[in-house]
**Q** 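Below is a structure I'd like to ask you about.
Just so you know, ligand 1 is whichever comes first in the structure, and atom 1 is the first atom listed for that ligand. Residues: numbered from 1 along the sequence shown.
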Amino acid sequence: MRFDILGPGSLGLLWAARLASAGHSVRLLVRTPEAFEHWQAIGGRLIFEHDNIREELEIEICLDPGTEPLHRLVVATKAYAVPSALNPLAHLLGPDSTLVMLQNGIGSQQYARELCKDSQVLCASVTDGAWLRAPGHVVWAGKGLTRIGDEAGGPCPPWLAALAPPALDWVWEQDIAQVLWQKLAINCAINPFTVLHDCRNGEVPARAGSELDALIRELKALLHSQGFAPQAAELAQVVADVIRRTALNSSSMRQDVHAGRQTEIDYIIGYACRTAVREGIGAPVMTGLYARLKTHLAMHGLANN
Ligand code: KPL
């Protein structure tokens with residue numbers, strides 16, 4: 001099968017590498033002549049490290065995808081980059097196209113759905129760990145699961161049903177919104193504090209103190225308002241479990257800040273705050289945290305807009 005991948009970060013290249021390694025034809029869509037030249041300079045090869053193996057994989061690097069419709073597009077950009085990455089491809093995305101959105105947070109998926117009204121837009125939540133040893137060299141550090149579903153209620157496409165590990169370890173979710181919202185709530189509870197206190201996940205309860213409990217109460221109200229009562233009921237426990245399991249990790253938001261990259265706050269705590277306003281839920285702790293985070297990022301030259 002042929003796959004197009006948008007976004008050369010760790011997750012995009014992990015998908016590219018796993019699919020190419022399993023014999024699928026993979027095309028990496030790059031957006032600038034500079035990126036294209038860079039890939040040419042490194043021989044257009046993808047290095048994939050996993051299970052003490054180092055594979056060199058052939059993938060096609062493509063600056064201009066032409067006029068043929070794209071059938072399977074994996075969108076692995078950061079959430080804020082989705083509009084600029086997808087807009088130029090919109091004319092290639094029609095009724096025979098499926099997009100798989102891998103973004104953190106919520107908001108970019110809706111954007112894709114509105115832009116590509118005739119296509120099927122799937123959302124995924126991924127727990128694999130991957131990092132780039134160098135551009136074009138991806139390390140699969142932790143094997144996880146990809147939960148995929150269609151918020152519009154569409155069926156699992158046959159091509160996805162035909163994919164199996166190691167190409168993709170996935171489960172179909174009838175209610176992917178519930179999965180995305182639970183992940184959003186967990187990220188809201190952990191990531192902002194790791195940035196504001198510049199700490200690892202495990203230090204969040206001690207550094208945030210009672211603010212964490214107050215924030216979780218607001219997040220529970222938010223989950224309730226979206227119809228996710230079971231997720232609301234277990235949120236405090238789930239957050240505590242994630243903090244314990246990932247105690248030594250630096251959150252994705254903190255990693256972005258350390259790397260001087262724009263963060264996804266507008267799609268995580270920003271999205272939660274906007275939903276609270278829309279639903280008429282008082283969320284002073286969340287709103288205050290978002291404001292402090294924006295000030296903090298602006299002071300570090302990382303304004304989000
Ligand atoms: O998903 C995460 C992230 O860093 O974005 C958590 C769950 C906080 C783990 O680090």
Side-chain angles (χ1 to χ4, degrees), residues 7 9-12 14-15 75-82 101-109 123-132 139-148 169 173 176-208 211-213 215-216 218-220 222-223 228 231-232 234-273 286 289-290 293 296-297 302 304:
S10 52
L11 200 49
L14 180 64
W15 272 66
V75 184
T77 63
K78 292 281 190 182
Y80 52 78
V82 163
M101 306 296 295
L102 302 184
Q103 287 62 39
N104 275 331
I106 305 184
S108 58
Q109 303 90 344
C123 300
S125 173
V126 181
T127 57
D128 291 271
W131 55 282
L132 297 184
V139 181
W140 191 7
K143 297 199 175 173
L145 183 67
T146 301
R147 302 167 77 180
I148 308 186
D169 215 336
E173 291 286 348
I176 190 71
Q178 166 199 300
V179 174
L180 298 181
W181 264 97
Q182 184 177 48
K183 176 96 185 348
L184 181 95
I186 295 168
N187 286 153
C188 285
I190 300 175
N191 297 16
F193 291 122
T194 65
V195 171
L196 287 171
H197 299 290
D198 192 21
C199 68
R200 292 180 187 270
N201 295 353
E203 293 165 63
V204 165
R207 303 297 288 270
E211 204 180 5
L212 175 60
D213 302 324
L215 177 64
I216 287 178
E218 293 181 1
L219 289 167
K220 284 169 76 162
L222 204 55
L223 285 171
F228 305 130
Q231 286 68 29
E234 65 184 20
L235 185 64
Q237 190 55 51
V238 170
V239 168
D241 288 347
V242 172
I243 289 178
R244 191 168 11 81
R245 272 193 292 105
T246 65
L248 297 177
N249 292 7
S250 202
S251 77
S252 54
M253 204 178 269
R254 182 173 180 241
Q255 287 180 41
D256 285 340
V257 172
H258 281 191
R261 287 190 297 257
Q262 184 176 346
T263 68
E264 297 177 301
I265 61 166
D266 283 339
Y267 295 82
I268 299 177
I269 190 161
Y271 186 83
C273 287
M286 198 186 304
L289 198 57
Y290 183 37
L293 199 52
H296 178 94
L297 294 175
L302 292 171
N304 42 310

**Q** Kindly confirm or rule out a cation-pi arrangement of K183 over W181, judged by NZ or CZ under 6.0 Å from the six-membered ring centre and within 45° of its axis?
**A** no
**Q** Restricting to non-hydrogen atoms, name the atom on I176 and the atom on R147 that form the minimum distance, rounded to 0.1 Å.
**A** CD1-O, 3.5 Å
**Q** Identify all pairs of nitrogen or oxygen atoms, one from ligand 1 and one from the protein, separated by less than 3.5 Å, and list them with distances.
**A**
residue, atom, partner, partner atom, Å
ligand 1, 1 (O), N187, ND2, 3.0
ligand 1, 4 (O), S252, N, 2.7
ligand 1, 4 (O), S252, OG, 3.4
ligand 1, 5 (O), N187, ND2, 3.4
ligand 1, 5 (O), N191, ND2, 3.1
ligand 1, 5 (O), S252, OG, 2.5
ligand 1, 10 (O), N201, ND2, 2.8

**Q** Just one of N104, L293, N187 clears the side-chain contact (heavy atoms from CB on, under 4.5 Å) bar with M253, so which one?
**A** L293
**Q** Run the numbers on E234 and Q182 for side chain to side chain donor-acceptor pair (under 3.5 Å), then give the verdict.
**A** CA-CA 10 Å; E234 65 184 20; Q182 184 177 48; 2.8 Å; yes
**Q** Indicate the atoms forming the closest heavy-atom contact of A124 with L180, along with that distance.
**A**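 Result for this residue pair: O-CD2, 4.2 Å.
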**Q** For side chain to side chain donor-acceptor pair (under 3.5 Å), just list the numbers for N201 and T246, CA-CA rounded to whole Å, side-chain angles, deciding distance to a tenth of an Å, and then say yes or no.
**A** CA-CA 6 Å; N201 295 353; T246 65; 3.0 Å; yes
